[in-house]
Amino acid sequence: MKNFNEHNITAAVQARVANATSPRIREISDSLVRHLHTFLREVRPTEAEWAAGIDFLTRTGQMCSATRQEFILFSDTLGASMLVDAINHPGGDGATETTVLGPFYVQGAPEFPLGADISEGLAGDRLLIEGNVKNTAGEPIGGATIDIWHSDPDGYYDVQGPADAPLNMRGRLHADAAGNFWCRTIVPAPYPIPNDGPVGQMLEHQGRHPYRPAHVHFMIAADGYETLTTHVFLSHSPYLDSDVVFGVKDSLIHPLEKLPAGTSPGGHPINQPIDLMRYNFVLSKQRK
Ligand code: BEZ
Ligand code: FE
């Protein structure tokens, strides 16, 4: 086939992918071609605009490194990450709601005993995190693995610092036999997602701010259960209604409780004023 034009090229490309190596690759390729061509017929880009689009994607790739994932930011800021999340975690079974993973998760974060200070003594308002992990039947999930990570009071993650800076404000805990876990750290702040690259330029052109409301990330895993990737958002934070990555859900917004020194929340004595975040998590049974 030859002599392609605006009207016959879509079917021609679809025919070319018809012998894909699996039905799923065929389905995805066919749909991608159909939607891409529909987009182009609707937008009718000039050649300069199309070249600018290619240049944007090129710079997005070039910006990526071991510590900077510009494509995740692109996906997050266009709502694609939350749409994939919604498709895969429709909810409704009583489990804790999910939200974006984001680019600052680090595999193999340091392990801490329950009660440890995962900020490793960083300056900031002290925060005690207490939680519980149960299944949808209300049974405790003893030994669940809990990854926690969050920003500093200036809104930066450890991995945004110099390459040789230590990991902090992140750690892995294991719930006790009753599913309880707790640790100490510092109160995180709202922050702009990294906006010194192509995605930052896109946000500016789209007339959008780059901020996320203050939150703590949790990833909770246990044998026989779906791994839960979520945040707890601080209820006093700005940007809860305009999170740049569309990640906020009402059920994940939670107040901090101000506690004076000398109290023992959850049986954990504190010797200085502290904010308490107490949140109970519920995991879904693993899907077959
Ligand atoms: C985060 O919460 O760490 C995050 C999520 C999406 C984009 C940038 C950061
Ligand atoms: Fe975050």
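Each residue takes its place number in the sequence, starting with 1. Order of listing sets the numbers, starting from 1, for every ligand and every atom in it.
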K.L.:
Under a 4.0 angstrom heavy-atom cut-off, which atoms of ligand 1 come close to L73?
P.N.:
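So the answer, numbered in order with elements, is 7 (C), 8 (C).
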K.L.:
Looking at D125, I'd like to know if its CG atom is crowded, meaning that more than 12 non-hydrogen atoms belonging to other residues, nucleotides or ligands lie closer than 6.0 Å.
P.N.:
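No, because the 6.0 Å sphere around CG of D125 holds 12 heavy atoms or fewer from other groups.
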K.L.:
State, yes or no, whether a side-chain contact exists between W149 and M219 at a heavy-atom distance under 4.5 Å.
P.N.:
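Yes, side chains in contact.
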K.L.:
Looking only at atom types and distance, does a side-chain atom of Q286 sit under 3.5 Å from a main-chain N or O of D223, one as donor and one as acceptor?
P.N.:
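Not at all, since once roles are kept as given, no pair shorter than 3.5 Å links the two residues.
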K.L.:
Taking the minimum heavy-atom distance to atom 1 (C) of ligand 1, which of Y191, F74, W149 ranks first?
P.N.:
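Selected option, by shortest heavy-atom distance: Y191.
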K.L.:
Any non-hydrogen atom of Y157 lying under 4.0 Å from ligand 1?
P.N.:
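Yes.
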K.L.:
With a cut-off of 4.0 Å, which atoms of ligand 1 are near a heavy atom of R212?
P.N.:
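Answer, ordered by atom number: 1 (C), 2 (O), 4 (C), 5 (C).
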K.L.:
With distance as the sole test, does H254 use its side chain to make a donor-acceptor pair with the main-chain N or O of R278 at under 3.5 Å?
P.N.:
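It does hold such a pair.
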K.L.:
Would you say the side-chain atoms of N88 pair up with the backbone N or O of V84, donor to acceptor, closer than 3.5 Å?
P.N.:
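Indeed, once roles are kept as given, a pair shorter than 3.5 Å links the two residues.
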K.L.:
What is the distance from atom OG1 of T98 to atom CZ of F218, rounded to the nearest 0.5 Å?
P.N.:
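These two atoms lie 15.0 Å from each other.
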K.L.:
Between R126 and D117, does at least one N-O distance fall below 4.0 Å, as a salt bridge requires?
P.N.:
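D117 and R126: salt-bridged.
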K.L.:
Taking H209 for the side chain and Y239 for the main chain, is one N or O donor matched with an acceptor at less than 3.5 Å?
P.N.:
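Between the backbone of Y239 and the side chain of H209 there is no qualifying donor-acceptor contact (under 3.5 Å).
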K.L.:
With heavy atoms of D76 as the reference, note each atom of ligand 1 found under 4.0 Å away.
P.N.:
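Contacts of ligand 1 toward D76, numbered from 1: 6 (C), 7 (C).
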K.L.:
Answer yes or no: is there a donor N or O on one side and an acceptor on the other, between the side chain of S237 and the main chain of P213, under 3.5 Å?
P.N.:
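Judged by distance alone, no pair lies under 3.5 Å.
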K.L.:
May I ask you to list the atoms of ligand 1 that are less than 4.0 angstrom from any heavy atom of G102?
P.N.:
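Near G102, the atoms of ligand 1 are 4 (C), 5 (C), 6 (C).
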K.L.:
Listing by chain and number, which protein N, O or S atoms are under 2.8 Å from the Fe ion (ligand 2)?
P.N.:
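Atoms qualifying: Y157 OH, Y191 OH, H215 NE2, H217 NE2.
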K.L.:
With a cut-off of 4.0 Å, which atoms of ligand 1 are near a heavy atom of V245?
P.N.:
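Counting atoms of ligand 1 from 1, those under 4.0 Å from V245 are 6 (C), 7 (C).
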K.L.:
Counting only heavy atoms, which portion of T77 has something under 4.0 Å from ligand 1: side chain, backbone, both, or neither?
P.N.:
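It is neither part, as no heavy atom is under 4.0 Å.
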